[in-house]
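As structure tokens, the structure follows; a few thoughts come after it.
Convention: sequence-line order gives letters A, B, ...; per-chain numbering from 1.
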Amino acid sequence: MRRKAVAALPPDKLLPHAQPAYMASWIYVFGVLTVASLLVVLATGGVLALKGPTWWHVSGTGKYVNSLHLWSVELLMFFMVVHLWAKFFMAAWRGRRALTWVTGVVCFLTAIGTAFSGYLVQQNFDSQWIAGQAKDGLNSVGIGAFFNVMDFGQMLMWHIVLLPFVLGLLTAWHILLVRWRGIVPPIDATDPADAGTASSAPSPAGRP
Amino acid sequence: MSRGRRGSGAPDPAAFPTRPYDLLKEFTIALVAVALLTLALAAVFSSPDVKPVTLASWARADGADFTATAAAELGGTSGTAGYGPPYNHTPDAAQKIGPIGLQDAAGVRIPVDTAADFVIRPLTDTPEPPAVRTALAAWAAAPASRQQAWAKAYSDALAKAPGGDPAKAAAGDYGPVPVLTARLLELARSGALDGDLQARGRFYQTDYTLPLLFLSDGSYLETLARAEHLGGDQWGMMNEIGNYPGQAWLGLYTFWYQIEPFKSSGNADALIWGLMVLLSLGLLLVPFIPGVRSVPRWTRVHRLIWRSYYRDQEAAVKARQSES
């Protein structure tokens with residue numbers, strides 16, 4: 001198993017010292033920014049979880065940590081949406097990368113569920129209103145009978161344990177798939193060897 | 001390593017010219033940048049934290065609405081009383097997607113009896129003056145049809161009273177209902193009802209289903225929410241209280257509530273959920289949907305993303321043409 005894993009993802013592929021020269025656009029940064037903001041979200045959420053759900057309502061420090069959590073989530077979702085749109089326009093599922101696309105989309109949907117459950121456990125007016133509104137949608141398709149948005153304890157578990165666990169696993173899987181398959185070549189690009197244009201010279205356009 | 005993957009839709013990235021790259025360095029820079037940006041945004045904009053509405057604050061601020069809601073809970077005419085699954089078995093209340101009734105299929109898993117849970121049990125659990133005990137006994141002794149007639153008559157009288165004020169309601173045969181609702185209002189104003197509905201005889205509790213349903217049945221909570229642009233026709237829960245970005249990512253979901261035929265449909269929630277499941281599946285399966293998977297090629301946004309690659313390619317082609 002170890003041999004198979006190393007063969008599929010040798011250290012050079014996992015942490016490369018070089019990448020294809022066509023990877024010369026700012027748009028590539030958004031994938032890394034998404035993972036970076038996920039770490040900030042997990043770290044700030046971890047502090048909030050350590051101190052308990054009432055802490056941030058009664059402490060200036062807690063309020064600031066909650067603000068960090070909120071804004072890192074806003075950044076995460078922004079970066080992820082830009083990343084997703086970019087990968088769509090790059091048709092990044094080409095070359096046996098469909099599973100990379102699928103895990104990315106499931107990450108996006110899971111992140112929406114995680115952020116939504118976060119709003120439910122804030123213990124303030126927003127939580128009350130969102131729970132009251134969301135129950136109708138969830139009840140209408142039978143989900144509310146099992147996923148009760150008005151049960152604070154249940155939502156807290158989903159938000160700080162179950163969904164982050166799933167999101168973490170999916171993210172790791174997605175990143176490993178990206179490293180395994182490599183960065184998708186440009187649309188209509190042909191194998192440089194076939195086209196007779198292969199060159200060892202790097203692209204003149206530098207990647208930021 | 002294989003130089004190409006014939007028939008897989010794209011050549012092997014390893015076959016292309018390369019440039020130096022350090023993933024760890026890029027990730028570290030990104031992490032520092034995101035952390036600094038988060039610190040700055042949090043310092044400048046903070047986060048909203050408007051206090052929750054309690055049954056006590058509702059009863060103190062709008063006693064008329066509280067009393068009207070309590071009467072509706074007693075008479076079985078409130079939103080929760082006629083909701084259907086998962087709270088009760090109200091016939092034809094459940095939403096459907098065409099012939100499919102998922103709400104009904106899930107069943108009643110969080111049973112709520114509005115008269116008993118919101119009014120009668122809290123009053124029964126509390127030491128009450130003789131007049132209230134007599135009213136409770138009269139309510140318990142009456143058949144269900146009589147109970148509903150009393151509550152409906154009182155609800156109608158409250159609706160006609162100036163400002164919904166119970167003191168200004170016309171005289172009528174309301175049985176014990178005015179005594180029960182007046183005492184429940186007193187309990188709520190004292191804060192006792194909050195604790196009673198949440199704890200229900202237990203010590204630890206984390207389930208707010210009952211008090212939130214009761215609160216949602218009144219109009220007070222919605223009035224406050226609408227003032228904060230949180231109404232369903234105001235794009236609802238994608239907004240956040242105050243001038244905060246909120247859950248902008250729910251925009252596509254809340255969008256459907258703003259247009260026909262969903263806007264006026266009794267099955268809007270189920271239809272929109274069904275539509276969102278389809279759209280999510282569509283997004284998930286983009287690589288396999290003919291036409292949709294070709295959109296990137298047609299839009300040519302990729303020409304901007306890989307502009308240096310395409311420029312180099314075109315230059316190489318021109319060079320070969322001039323050589324020949």
inquiry  = What part of L224(B) gets within 4.5 angstrom of chain A, counting heavy atoms only: side chain, backbone, both, or neither?
reply    = both

query = Which of the residues G153(A), A145(A), A86(A) is involved in the greatest number of heavy-atom pairs with chain B at under 4.5 angstrom?
reply = A145(A)

Between V105(A), I183(A), D151(A), the one whose heavy-atom pairs under 4.5 Å with chain B are most numerous = D151(A)

ask   = Do D22(B) and H17(A) come within less than 4.5 Å of each other through their side chains, counting heavy atoms only?
value = no

inquiry  = Could you tell me if the side chain of V50(B) sits less than 4.5 Å from the side chain of N124(A), heavy atoms only?
reply    = no

Largest heavy-atom contact set with chain B, pairs under 4.5 Å, which of G104(A), A131(A), G132(A), S72(A) = S72(A)

remark   = Most heavy-atom pairs under 4.5 Å with chain B, out of I130(A), V35(A), L68(A), L14(A), belong to L68(A)

Worked check of side chain to side chain contact (heavy atoms under 4.5 Å, CB included) between V34(B) and F79(A) = CA-CA 10 Å; V34(B) 171; F79(A) 294 146; 3.9 Å; yes

inquiry  = Does any backbone or side-chain atom of I27(A) lie under 4.5 Å from a heavy atom of chain B? Answer side chain, backbone, both or neither.
reply    = side chain

ask   = Any idea which of A270(B), A106(B), P52(B), P86(B) has the most non-hydrogen atom pairs under 4.5 angstrom with chain A?
value = P52(B)

query = Checking I305(B) against chain A: side chain, backbone, both or neither under 4.5 Å from a heavy atom?
reply = both

message = Any non-hydrogen side-chain atom of L156(A) less than 4.5 Å from a side-chain atom of T206(B)?
response = no

ask   = Tell me, do F45(B) and S67(A) make a side-chain contact under 4.5 Å, heavy atoms counted?
value = no

task = To the nearest 0.5 Å, tell me how far L15(A) CG sits from K25(B) NZ.
result = 14.5 Å

ask   = Going through the distances and angles, do Q128(A) and L215(B) end up as a side chain to side chain contact (heavy atoms under 4.5 Å, CB included)?
value = CA-CA 9 Å; Q128(A) 288 181 306; L215(B) 204 52; 3.5 Å; yes

task = Could you have a look at E240(B), Q95(B), M276(B) and say which one has the most heavy-atom pairs with chain A under 4.5 angstrom?
result = E240(B)

ask   = Just how far is it from atom CG of N139(A) to atom CG of D269(B), taken to the nearest 0.5 Å?
value = 9.0 Å

query = Of the backbone (N, CA, C, O) and the side chain (C-beta and beyond), which part of T299(B) lies under 4.5 Å from a heavy atom of chain A, both, or neither?
reply = side chain

key: chain B-proximal positions within residues 37-44 of chain A [heavy-atom distance under 4.5 Å]   = S37(A), L39(A), V40(A)

key: Contact class of V102(A) relative to chain B, heavy atoms under 4.5 angstrom   = both

task = Could you look at V65(A) and say if it's the side chain, the backbone, both or neither that has a heavy atom under 4.5 Å from chain B?
result = neither

note = One option among V106(A), V81(A), D136(A), N66(A) has the most heavy-atom pairs under 4.5 Å with chain B, and it is D136(A)

inquiry  = Check whether Y64(A) reaches the backbone of L39(B) with its side chain - one donor and one acceptor, N or O, closer than 3.5 Å.
reply    = yes

inquiry  = Report which part of L76(A) has an atom under 4.5 Å of a heavy atom belonging to chain B: side chain, backbone, both, or neither.
reply    = neither

Side-chain H-bond candidate by donor/acceptor type, T209(B) with N148(A), under 3.5 Å = yes

ask   = To the nearest 0.5 Å, what is the distance between OG (S140(A)) and NZ (K96(B))?
value = 13.5 Å

Any side-chain heavy-atom pair of S280(B) and L109(A) under 4.5 Å = yes

message = Given heavy-atom pairs under 4.5 angstrom as the criterion, report whether the side chain, backbone, both or neither of E222(B) touches chain A.
response = both

message = As an exercise: rank K135(A), M80(A), Q154(A), H69(A) by heavy-atom pairs under 4.5 Å with chain B and give me the winner.
response = K135(A)

request  = Can you see which heavy atom on P13(B) is nearest to which on P20(A), and at what distance?
outcome  = O-CG, 3.8 Å

request  = Would you tell me whether D312(B) and Y22(A) have side-chain atoms, one donor and one acceptor, within less than 3.5 Å of each other?
outcome  = no

query = Are the side chains of Y119(A) and M237(B) in touch, meaning some heavy atoms are under 4.5 Å apart?
reply = no

Contact origin within A134(A) toward chain B - heavy atom pairs under 4.5 Å = both

D188(A)/Y310(B) under side chain to side chain donor-acceptor pair (under 3.5 Å): CA gap, chis, key distance, verdict = CA-CA 10 Å; D188(A) 294 334; Y310(B) 292 118; 5.8 Å; no

inquiry  = Working to the nearest 0.5 angstrom, can you tell me the gap between M150(A) CE and Y208(B) OH?
reply    = 13.5 Å

ask   = At a heavy-atom separation under 4.5 Å, does L210(B) approach chain A through its side chain, its backbone, both, or neither?
value = neither

task = Determine yes or no for a side-chain-to-main-chain donor-acceptor pair under 3.5 angstrom, with W101(A) supplying the side chain and L283(B) the backbone.
result = yes

message = Walk me through whether W306(B) and M90(A) qualify under side chain to side chain contact (heavy atoms under 4.5 Å, CB included).
response = CA-CA 9 Å; W306(B) 287 304; M90(A) 293 159 85; 3.5 Å; yes

remark   = When the 4.5 angstrom heavy-atom criterion is applied to V149(A) and chain B, the contacting part is neither

key: Stepwise side chain to side chain contact (heavy atoms under 4.5 Å, CB included) test for F89(A) and H302(B)   = CA-CA 6 Å; F89(A) 285 116; H302(B) 63 280; 5.7 Å; no

request  = Pick one of side chain, backbone, both or neither for P211(B), based on which atoms fall under 4.5 Å of a heavy atom in chain A.
outcome  = neither

key: Residue R303(B) excluded, over 12 heavy atoms near CZ under 6.0 Å   = yes

query = Quick one: what part of A225(B) sits under 4.5 Å from any heavy atom of chain A, side chain, backbone, both or neither?
reply = both

inquiry  = Under 4.5 Å from any heavy atom of chain B, what part of L75(A) do you find: side chain, backbone, both or neither?
reply    = side chain

remark   = In this structure, CG of L70(A) is separated from CG of D49(B) (nearest 0.5 Å) by 11.0 Å

message = When you measure from the side chain of K51(B) to the backbone of F125(A), do you find a donor-acceptor pair of N or O atoms at a distance under 3.5 Å?
response = no

key: Rounded distance (nearest 0.5 Å) linking atom CG of L250(B) with atom CD1 of I112(A)   = 6.5 Å

Any donor-acceptor pair under 3.5 Å from W71(A) side chain to A43(B) backbone = no

request  = For W93(A) and V286(B), indicate whether the former's side chain and the latter's backbone hold a donor-acceptor pair under 3.5 Å.
outcome  = no

request  = Answer with side chain, backbone, both or neither: which region of F78(A) has an atom nearer than 4.5 Å to a non-hydrogen atom of chain B?
outcome  = neither

task = Decide yes or no for M23(A) and F16(B): does some side-chain heavy atom of the first lie under 4.5 Å from some side-chain heavy atom of the second?
result = no

query = Side chain, backbone, both or neither: which part of L304(B) has an atom under 4.5 Å from a heavy atom of chain A?
reply = neither

message = At a 4.5 Å cut-off on heavy atoms, which part of A115(A) comes close to chain B: side chain, backbone, both, or neither?
response = both

ask   = When you look at CH2 of W55(A), are more than 12 heavy atoms from neighbouring residues, nucleotides or ligands closer to it than 6.0 Å?
value = yes

task = Return the minimal non-hydrogen interatomic distance between A30(B) and V32(A), and the atom names on each side.
result = CB-CG1, 3.6 Å

query = How about S46(B) and K63(A): do any of their side-chain heavy atoms sit closer than 4.5 Å?
reply = yes

